[in-house]
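Note on naming: letters A, B, ... go to the chains in the order of the sequence lines (proteins, then strands), and numbering restarts at 1 for each one.
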Number of protein chains: 2
Amino acid sequence: MAGHVSDAVIRRLPGYYRHLRELEAAGVTSISSQELGERMHLTPSQIRQDINCFGGFGRQGYGYKVSELKGHIGEILGLTKEHQVIILGAGNIGCAVARYPTFSREGFKTIAMFDVTEDKVGTRMGDIPVYHMDELEKFLAAHPVDIAVLALPKRYAQDTLQRLYDSGVRAIWNFAPTDLQHPDDMLVVNVHLMDSLQQLSYRMAHRENAE
Amino acid sequence: MAGHVSDAVIRRLPGYYRHLRELEAAGVTSISSQELGERMHLTPSQIRQDINCFGGFGRQGYGYKVSELKGHIGEILGLTKEHQVIILGAGNIGCAVARYPTFSREGFKTIAMFDVTEDKVGTRMGDIPVYHMDELEKFLAAHPVDIAVLALPKRYAQDTLQRLYDSGVRAIWNFAPTDLQHPDDMLVVNVHLMDSLQQLSYRMAHRENAE
DNA sequence: ATAAATAAGTTAACGATTTCACATAGGGTG
DNA sequence: CACCCTATGTGAAATCGTTAACTTATTTAT
């Protein structure tokens, strides 16, 4: 079992969770590192190492119980706790996040959105109220928020991050296409869609290689 | 200079490009690996190593010319060529991609969208026509397409990938929350939004650590 | 012009991650 | 119930990525 968990392992954890969910839905009750590896394009060794960072969830000679392992990994990922979320920016990306079904299913509850455009403020997106950005501090004083989603233009992102920090928010899921400065005790995870597309472009330009 | 470029380097390339763009916009004409490293939270060594995978773009005693280096990296990323793109699924994510401004600015031209819902088919999203999924093969026979964006429900993703492959599309930008099976000569880059959010959740659950 | 300072290119050491190999424990079967 | 088979857990080896140290080229200042 483990003291320090590497970045590489953390990146893979959601993949394990996703595959285990799919296996469970397909009625598979147990799986070996061999089979899971084939499915995920990882070596059996790596899967055993990864899982052993957190404890021996398998049984020798048998494999892993799918639902049990999924439960453990869900716990490790912090998915057992419900997260209160707000979305900054009710544009295309903000809406897409607000309406993303998997999102609320996994315990991420969007309790408010914020925008500046007059025809959006005061409306509802599904059952989520849209407030004016000016009301942000007032809202945060009244409601505990675990995660803020930044889905607004890049030029407002840094200021908004600071306002969120000053009101006590300590975790940001950032869609603005820029790397934000942030205090050490604030977590920022970037999505950077264009980066991912440019990686595809790179591989297209340099193909010859499979996989 | 370099034969094989590692995954780690490819992942960082778009970040270089983004920062160089910002520096250029800010009127900075030259930069050292030291300064760029501070800005990007990378060591100067790593930056020099990364850039040297592709050739000596800097000048000793001076640093790198921002616009020149940006040009080289843009070239390496394949951004000088215009890419013809179609989007499968005109839901929230499909729309968000279609309307993402950075997208077309960087040479990714969305020439069509496809959906099955009757009230979307036949309309236009901005100036992009929305066709019925049934017309996909006909469209692909008539128009060269470099990249297909999968922005449809997971249950349709695998079949659609196969149809795209059979019609000659060889690169996929996948937003469906699942890992797709694909032939070796097809490139698939996944976005997996929920993975990224779950990584945030993990770090929230295990904080104590800064950065 | 020459020397000093700067910063890239490059090689080598270091550290992290992945893979391999093996010992061990659990389950199935006769 | 005892055997065999399977597949985990684990420590060591190998690979891969990052950082540090050094060498060399370029610029600036005297």
Side-chain angles (χ1 to χ4, degrees), chain A residues 1-16 19-20 23 28-73 76 199 202 209 211, chain B residues 1-16 19-20 23 28-73 76 199 202 209 211:
Chain A
M1 248 180 95
H4 175 254
V5 179
S6 78
D7 241 50
V9 175
I10 299 172
R11 270 200 300 274
R12 281 190 294 270
L13 283 176
Y16 288 123
H19 280 268
L20 289 165
L23 286 163
V28 178
T29 57
S30 80
I31 194 161
S32 66
S33 60
Q34 175 74 42
E35 294 166 302
L36 189 55
E38 275 160 23
R39 196 188 156 99
M40 294 184 66
H41 304 287
L42 300 173
T43 64
S45 274
Q46 183 161 56
I47 288 173
R48 294 202 300 275
Q49 288 275 24
D50 285 354
I51 291 172
N52 259 60
C53 288
F54 305 100
F57 300 142
R59 301 218 298 286
Q60 288 172 326
Y62 173 85
Y64 301 92
K65 273 199 80 175
V66 170
S67 65
E68 192 185 306
L69 184 56
K70 169 170 164 285
H72 282 298
I73 294 182
I76 290 161
Q199 280 169 43
Y202 175 91
N209 40 345
E211 213 279 337
Chain B
M1 250 181 91
H4 175 254
V5 179
S6 78
D7 242 48
V9 174
I10 298 172
R11 271 199 301 271
R12 281 190 293 270
L13 284 177
Y16 289 121
H19 280 267
L20 289 165
L23 286 163
V28 179
T29 55
S30 80
I31 194 161
S32 65
S33 60
Q34 176 73 43
E35 293 166 301
L36 189 55
E38 275 159 24
R39 196 188 157 99
M40 295 185 66
H41 304 286
L42 300 173
T43 63
S45 272
Q46 182 161 56
I47 289 174
R48 295 202 299 275
Q49 288 276 23
D50 284 355
I51 292 173
N52 259 61
C53 287
F54 305 100
F57 301 142
R59 300 219 300 286
Q60 288 171 325
Y62 172 85
Y64 300 92
K65 273 199 81 175
V66 170
S67 66
E68 191 185 307
L69 184 56
K70 170 170 165 282
H72 281 299
I73 294 181
I76 291 160
Q199 281 169 41
Y202 175 91
N209 43 345
E211 209 284 335

Does OP1 or OP2 of dT18(D) have a side-chain N or O of Gln46(B) closer than 4.0 Å?
yes
Let me know the distance between CZ of Arg48(A) and P of dA7(D), rounded to the nearest Å.
11 Å
Gap between atoms CZ and C1', on Phe57(A) and dG26(C) respectively (whole Å):
18 Å
Under 3.5 Å, is there any donor-acceptor pair linking the side chain of Ser32(A) to the base of dA7(D)?
no
Using the six-membered ring wherever Trp is involved, compare the ring planes of Phe54(A) and Tyr202(B) and label them parallel, tilted or perpendicular (cut-offs 30° and 60°).
perpendicular
Separation of dT6(D) C1' from Arg59(A) CZ (nearest whole Å)
13 Å
Return the value, rounded to whole Å, for the distance between atom CG of Asp50(A) and atom C1' of dT19(C).
12 Å
With a 3.5 Å cut-off and just heavy-atom distances, do the side chain of Gln49(B) and the base of dT18(D) make a donor-acceptor pair?
no
Answer yes or no: does a side-chain N or O of Thr43(A) lie under 4.0 Å from OP1 or OP2 of dT18(C)?
no
Taking only the side-chain nitrogens and oxygens of Asn52(B), find out if one of them lies under 4.0 Å from OP1 or OP2 of dT10(C).
yes
Determine whether a donor-acceptor pair (one donor, one acceptor, N or O, separation below 3.5 Å) exists between the side chain of Gln60(B) and the base of dA8(C).
yes
5'-most contact on DNA chain C (nearest-nucleotide basis), Val9(A) vs Tyr62(A), goes to Val9(A)
If only side-chain N and O atoms of Tyr64(A) are considered, is one of them under 4.0 Å from the OP1 or OP2 phosphate oxygen of dT6(D)?
no
